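A quick note: this is a predicted structure, and the numbers were derived from the prediction, not measured.
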Amino acid sequence: DLRDQFLPAYEAMQIDGIAWNGLPGGRAEAIMCGYAAFDGIPSCANKRLLQDILRKEWGSECLVQSDCCDSISSIFSQHHYTNTEAEAVAAAFEAGTQLCFACGEAQIAALNQSLADNSVTMGQLDSALARLFLTRMRLGEFERGETPHSAVNTSVINSPLHQDLVRQVAGASVIMA
């Protein structure tokens with residue numbers, strides 16, 4: 001099921017994706033790990049998904065970011081994969097999650113605790129920040145004036161071309177909202 005149902009869409013965007021303007025050859029600049037677990041390991045802490053498959057097998061250099069606020073917290077609070085939220089942050093960094101969205105003081109305190117007890121190193125944090133800024137530079141966020149992404153709006157994002165791409169990759173009829 002993993003190879004047949006879940007990974008093809010992600011693999012297509014890492015290996016032979018479609019660029020934002022609809023041209024072939026684009027690769028996703030970022031990928032999001034979420035709340036779900038695979039083989040009992042939450043996706044944001046799953047080395048098999050983030051290291052073995054994404055990095056080694058597919059050769060991806062994309063930024064790995066967590067889903068909004070709770071996908072890192074859920075490693076501890078819902079999956080009970082770690083004993084503390086600080087351990088959840090460390091597990092996510094160790095697996096390769098580089099951008100952990102923090103919502104509230106508890107998650108910021110968890111990162112600070114992970115840094116204080118050295119379960120997350122400054123080297124890991126520096127590496128994550130370097131990848132984040134590389135992604136932002138590739139996307140043109142630091143350019144003056146018009147950038148290739150200035151004209152991108154929801155009509156482009158939800159275009160028939162992109163809807164067809166989703167259907168092709170998913171291998172099923174998908175209704176876009």
Side-chain angles (χ1 to χ4, degrees), residues 1-17 20 26-142 149 157 166 169-170:
D1 278 354
L2 178 69
R3 296 287 178 179
D4 291 339
Q5 300 295 320
F6 298 105
L7 292 182
Y10 293 101
E11 182 178 19
M13 295 312 294
Q14 293 306 309
I15 294 176
D16 51 25
W20 67 271
R27 293 183 97 180
E29 284 292 332
I31 195 166
M32 184 179 294
C33 56
Y35 300 96
F38 172 69
D39 276 347
I41 303 171
S43 66
C44 289
N46 197 309
K47 289 181 185 178
R48 180 175 176 207
L49 294 176
L50 301 180
Q51 295 296 322
D52 297 342
I53 296 173
L54 180 68
R55 297 281 187 234
K56 293 176 186 167
E57 184 179 323
W58 297 344
S60 177
E61 296 180 6
C62 73
L63 173 75
V64 177
Q65 66 186 46
S66 70
D67 184 3
C68 194
C69 299
D70 294 333
S71 59
I72 302 300
S73 292
S74 72
I75 295 170
F76 158 67
S77 64
Q78 295 169 344
H79 293 286
H80 307 288
Y81 183 72
T82 62
N83 293 318
T84 67
E85 194 157 352
E87 289 175 3
V89 169
F93 267 96
E94 182 66 26
T97 302
Q98 296 152 320
L99 177 59
C100 302
F101 287 100
C103 296
E105 296 298 318
Q107 291 180 345
I108 294 169
L111 175 59
N112 287 333
Q113 178 61 45
S114 296
L115 288 166
D117 67 19
N118 219 23
S119 59
V120 171
T121 66
M122 287 306 292
Q124 286 174 300
L125 195 56
D126 288 344
S127 176
L129 287 170
R131 184 151 339 234
L132 171 64
F133 280 102
L134 176 62
T135 298
R136 292 182 67 191
M137 283 189 264
R138 285 179 175 165
L139 293 173
E141 288 187 14
F142 299 106
H149 297 90
I157 295 167
V166 170
V169 171

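The side chain to side chain contact (heavy atoms under 4.5 Å, CB included) test applied to Phe6 returns Asp1, Leu2, not counting sequence neighbours. Taking Thr121 as the reference, Asn118, Gln124 meet the side chain to side chain contact (heavy atoms under 4.5 Å, CB included) condition, with sequence neighbours excluded. For the side chain to side chain contact (heavy atoms under 4.5 Å, CB included) test, residues two or more places apart in sequence or in another chain that qualify with Ala30 are Leu63, Gln65. With sequence neighbours left out, Glu87 forms a side-chain hydrogen bond (donor to acceptor under 3.5 Å, both in side chains) with no residue at all. Taking the side-chain hydrogen bond (donor to acceptor under 3.5 Å, both in side chains) definition, one finds that Asp39 meets it with Arg48, sequence neighbours left out. For Ala95, the side chain to side chain contact (heavy atoms under 4.5 Å, CB included) criterion is met by Lys47, Leu50, not counting sequence neighbours. Residues passing the salt bridge (charged side-chain N to carboxylate O under 4.0 Å, His left out) test with Asp117: none are found, sequence neighbours excluded. Every residue two or more places apart in sequence or in another chain was checked for a side-chain hydrogen bond (donor to acceptor under 3.5 Å, both in side chains) with Arg131, and none qualifies. Remark: Gln113 pairs with no residue by the side-chain hydrogen bond (donor to acceptor under 3.5 Å, both in side chains) rule, at least two apart or across chains.
Within the 4.5 Å cutoff, side-chain heavy atoms of Glu85 are placed close to those of Ser73.
Between Gln98 atom CD and Cys33 atom SG the span is 10.0 Å, to the nearest 0.5 Å. Interatomic distance, CG of Leu134 versus CG of Leu129, reported as 12.5 Å (0.5 Å rounding). The distance from atom CD of Gln51 to atom CD of Glu94, rounded to the nearest 0.5 Å, is 8.0 Å. Between the CD1 atom in Ile53 and the CD atom in Glu11 there is a gap of 9.5 Å [rounded to 0.5 Å]. In this structure, NZ on Lys56 lies 5.0 Å from CG on Asp52, to the nearest 0.5 angstrom. The line from CD1 of Ile75 to OG of Ser66 is 8.5 Å long, rounded to the nearest 0.5 Å.
Residues Val64 and Gly96 come closest through the heavy atom pair CB-O, 3.5 Å. Shortest non-hydrogen contact noted between Ser114 and Ala90 is OG-N, 4.0 Å. Of all non-hydrogen atoms in Cys44 and Thr97, the two that sit nearest each other are O-OG1, 2.7 Å. When all heavy atoms are compared, the tightest approach of Phe93 to Val120 is CD1-CG2, 3.9 Å. Nearest heavy atom pair, residue Ser43 against residue Tyr35, reads OG-N, 4.4 Å. When all heavy atoms of Ser71 and Ser74 are compared, the pair lying nearest together is O-OG, 3.0 Å.
Checking each of Leu49, Leu7, Asn46, Ile31 against Leu54 for a side chain to side chain contact (heavy atoms under 4.5 Å, CB included) leaves exactly one that passes, namely Ile31.
Checking side-chain atoms of Ser127 against main-chain N and O of Gly123 turns up no donor-acceptor pair under 3.5 Å.
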